[in-house]
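These values consider heavy atoms only, across backbone and side chains, with no hydrogens, waters or symmetry-generated copies.
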Amino acid sequence: QVQLVESGGGLVQAGGSLRLSCVVSGRDFSLYGMAWFRQAPGKEREFVAAISWTGSNTAYKESVKGRFTISRDNAKTTVYLQMNSLKPEDTAVYLCAVDKRIFRDYPSGAFGDYNYWGQGTQVTVSS
């Protein structure tokens with residue numbers, strides 16, 4: 001049974017930072033790319049960042065480039081999202097996801113390419 005557990009969300013002022021973590025169990029973590037998506041109230045789920053199975057390649061939503069950094073620690077089966085210079089529009093539930101394919105060299109930002117999801121962690125940025 002594959003499980004993903006996110007943590008690290010919270011309330012922060014604009015300009016602040018948070019680091020999200022997602023621990024994965026029940027799957028050979030090192031073979032799969034990982035991603036972070038987010039969903040704000042009344043909006044569709046949107047891609048934020050992804051990292052390849054090797055960790056060598058990453059992809060980001062345009063509006064978070066230069067502010068967010070995705071990384072992974074295969075020994076800890078954990079993927080991270082470091083979020084700096086947070087803005088009120090970053091407020092959302094952040095969810096991590098596991099790629100449905102192994103050995104994908106270039107991470108995907110497509111919702112349909114991910115088949116296991118965590119429950120999410122709330123990030124609220126006040127102005």
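Put simply, F111 and Y116 are part of two different groups of oily side chains (I, L, V, M, F, W, Y) that touch within less than 4.5 Å, one to the next. Put simply, V93 and W117 are part of the same group of oily side chains (I, L, V, M, F, W, Y) that touch within less than 4.5 Å, one to the next. Each of Y106 and I51 belongs to its own hydrophobic cluster when Ile, Leu, Val, Met, Phe, Trp and Tyr are linked at side-chain heavy-atom distances under 4.5 angstrom. A continuous path of Ile, Leu, Val, Met, Phe, Trp and Tyr side chains, each step under 4.5 Å between heavy atoms, connects L18 with W36, placing both in one hydrophobic cluster. Note: the hydrophobic cluster containing V24 does not contain F37 (ILVMFWY, side chain heavy atoms under 4.5 Å, direct or indirect links).
Salt bridge absent: K100 and D113 never bring a charged side-chain N and a carboxylate O closer than 4.0 Å.
Counting heavy atoms from C-beta outward, R45 and L95 have side chains that approach closer than 4.5 Å. Counting heavy atoms from C-beta outward, E46 and Q39 have side chains that stay 4.5 Å or more apart. Taking 4.5 Å as the limit, some side-chain heavy atom of D90 sits within range of a side-chain heavy atom of R38. Side-chain contact check for M34 versus V98: some heavy-atom pair is nearer than 4.5 Å.
Using a distance-only test at 3.5 Å, with no hydrogens or angles considered, no donor-acceptor pair links the side chain of T91 to the main chain of E89. Side-chain atoms of T77 do not come within 3.5 Å of backbone N or O of N74 as any donor-acceptor pair. Side-chain N or O atoms of N57 include none that pairs as donor or acceptor with a backbone N or O of S52 at under 3.5 Å. Looking only at distances, no side-chain donor or acceptor of E6 sits under 3.5 Å from a matching main-chain atom of S21. A donor-acceptor pair under 3.5 Å is formed between the side chain of T121 and the backbone N or O of G9.
Note: L31 CG to R104 CZ = 13.5 Å, rounded to the nearest 0.5 Å. To the nearest 0.5 Å, atom OG1 of residue T69 and atom CE of residue M83 are 11.0 Å apart. A distance of 14.0 Å separates OG of S127 from NZ of K87, quoted to the nearest 0.5 Å. To the nearest 0.5 Å, the span separating CG on D105 from OG on S56 amounts to 8.5 Å. The line from OG of S108 to CZ of F47 is 7.5 Å long, rounded to the nearest 0.5 Å. Note that OG of S85 and CZ of R67 are 7.0 Å apart. Values are rounded to the nearest 0.5 Å.
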(message) The test is side-chain contact (heavy atoms from CB on, under 4.5 Å); show your working for L81 and V79 and say whether it passes.
(response) CA-CA 7 Å; L81 185 66; V79 62; over 6 Å; no
(request) Give the C-alpha distance, both sets of side-chain angles, the deciding distance and a yes or no for side-chain contact (heavy atoms from CB on, under 4.5 Å) between R27 and I102. (result) CA-CA 11 Å; R27 172 145 291 195; I102 61 173; over 6 Å; no
(request) Tell me, with the steps shown, if F68 and I70 meet side-chain contact (heavy atoms from CB on, under 4.5 Å). (result) CA-CA 7 Å; F68 291 11; I70 188 170; over 6 Å; no
(message) Is there a side-chain contact (heavy atoms from CB on, under 4.5 Å) between S17 and Q82? Walk through the geometry before answering.
(response) CA-CA 8 Å; S17 298; Q82 177 66 45; 4.0 Å; yes
(request) Apply side-chain hydrogen bond (donor to acceptor under 3.5 Å, both in side chains) to D28 and S30, showing your working. (result) CA-CA 6 Å; D28 192 340; S30 64; 3.0 Å; yes
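Taking the ring axis of F29 as reference, the NZ or CZ atom of R72 stays within 45° of it and closer than 6.0 Å to the ring centre. For the pair R19 and Y80, the cation-pi criterion (under 6.0 Å, within 45° of the ring axis) is fulfilled.
Between F103 and W53, the ring center distance clears the sub-6.0 Å criterion.
Within a 6.0 Å sphere centred on CD of Q122, heavy atoms belonging to other residues, nucleotides or ligands number more than 12.
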